[in-house]
Amino acid sequence: GNSVTQMEGPVTLSEEAFLTINCTYTATGYPSLFWYVQYPGEGLQLLLKATKADDKGSNKGFEATYRKETTSFHLEKGSVQVSDSAVYFCALSQNTGNQFYFGTGTSLTVIP
Amino acid sequence: DGGITQSPKYLFRKEGQNVTLSCEQNLNHDAMYWYRQDPGQGLRLIYYSQIVNDFQKGDIAEGYSVSREKKESFPLTVTSAQKNPTAFYLCASSRYQRDRRDGYTFGSGTRLTVV
């Protein structure tokens, strides 16, 4: 079946630190992979995506590379800011059916 | 601007009451979804609808009901049969015959609390 596994949180970092949030997936074929961000009290917003192996998605300084050989899509940012404090969800979508499969989310807190 | 509107943002329910959460979209999307979010449990799919007048149960449909009479609207009713309804509810939409590279568009959520 399809599933997504994210690293357990919460994660607390100082401002300007390097961020990595691990995400691995189980799926058949060639799914599309996504990172969503949820700010406190809000819905989810698409942060970045990648639709085929070796693609790199990027947005707002965040990056993630679709690694089929390791079935991973780790989220990285070189220098986090307090405003990056949020919950981050990794997700996958297959090319059949119409459902997304979400990870459990990783809470990030950035302290000044 | 196109988007999804959920209302109300906060909702309080007494024991034994049914309550209805509203979800409206003007994106011309065919498919709509309801998710429940609890702390530490991520998102769980309640119901989804791919076309008007059709909907399917998700992973945790018990105690919930939906309707899809219009393309733009997908209201969720939390019935008295739902024993633990306190949660954050998210509505989402997507194109039905969508490119799998599309993501979902989410509303801003409704926080339901039993009092």
Side-chain angles (χ1 to χ4, degrees), chain A residues 1-11 21 23 25 27-53 55-57 59 64 66 73 86-107, chain B residues 3-10 21 23-25 27 29-51 54-60 87-113:
Chain A
N2 300 291
S3 67
V4 175
T5 302
Q6 288 182 237
M7 64 184 285
E8 293 281 334
V11 175
I21 300 178
C23 172
Y25 68 90
T28 56
Y30 299 90
S32 293
L33 301 173
F34 304 80
W35 277 101
Y36 280 84
V37 58
Q38 183 180 33
Y39 298 103
E42 298 296 324
L44 275 67
Q45 302 173 24
L46 179 63
L47 180 60
L48 55 83
K49 65 181 181 183
T51 59
K52 60 181 187 294
D55 264 4
K56 177 185 284 188
N59 186 25
Y66 187 163
F73 192 55
V87 180
Y88 293 82
F89 290 91
C90 186
L92 75 81
S93 172
Q94 282 288 12
N95 58 356
T96 57
N98 208 29
Q99 285 195 41
F100 264 50
Y101 300 88
F102 289 91
T104 54
T106 301
S107 174
Chain B
I4 297 181
T5 302
Q6 288 188 243
S7 61
K9 191 168 180 66
Y10 299 96
L21 285 59
C23 178
E24 303 276 335
Q25 55 98 359
L27 298 164
H29 283 172
D30 291 291
M32 298 185 74
Y33 313 83
W34 275 106
Y35 285 89
R36 171 178 171 144
Q37 185 178 21
D38 295 281
Q41 294 195 42
L43 300 172
R44 293 184 289 171
L45 182 64
I46 305 172
Y47 269 98
Y48 65 100
S49 167
Q50 295 178 328
I51 56 174
D54 184 62
F55 47 83
Q56 307 295 327
K57 292 182 178 180
D59 301 320
I60 56 164
F88 191 52
Y89 291 87
L90 287 162
C91 180
S93 71
S94 69
R95 286 187 290 156
Y96 172 50
Q97 293 296 339
R98 66 182 176 89
D99 187 321
R100 65 181 174 84
R101 294 168 291 184
D102 282 358
Y104 283 6
T105 301
F106 282 87
S108 57
T110 293
R111 185 164 299 281
L112 173 63
T113 304

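Fair warning: this is a prediction, and the values are worked out from it, not measured in the lab. Chain naming here is simple, since letters A, B, ... match the order of the sequence lines and numbering starts at 1 in each.
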Checklist outcome for this item: If one checks every heavy atom of B/Leu45 against chain A at 4.5 Å, the contacting part turns out to be side chain
Next on the checklist: To the nearest 0.5 Å, what is the distance between NZ on A/Lys49 and CG on A/Asp55?
Outcome noted: 10.5 Å
Item to check | Region of A/Gln38 in contact with chain B, defined by heavy-atom distances below 4.5 Å | outcome: side chain
Next on the checklist: Determine whether a donor-acceptor pair (N or O, by modelled atom type, separation under 3.5 Å) exists between the side chain of A/Gln94 and the backbone of A/Tyr101.
Outcome noted: no
Item to check | Test side chain to side chain contact (heavy atoms under 4.5 Å, CB included) applied to A/Ile21 and A/Trp35, step by step | outcome: CA-CA 10 Å; A/Ile21 300 178; A/Trp35 277 101; 3.6 Å; yes
Checklist entry - Heavy-atom distance under 4.5 Å to chain A: side chain of B/Gln37, backbone, both or neither? => result side chain
Next on the checklist: For A/Tyr39, which atoms come within 4.5 Å of any heavy atom of chain B: side chain, backbone, both, or neither?
Outcome noted: neither
Next on the checklist: Any side-chain to backbone donor/acceptor pair from B/Tyr33 onto B/Tyr104? Under 3.5 Å, distance only.
Outcome noted: no
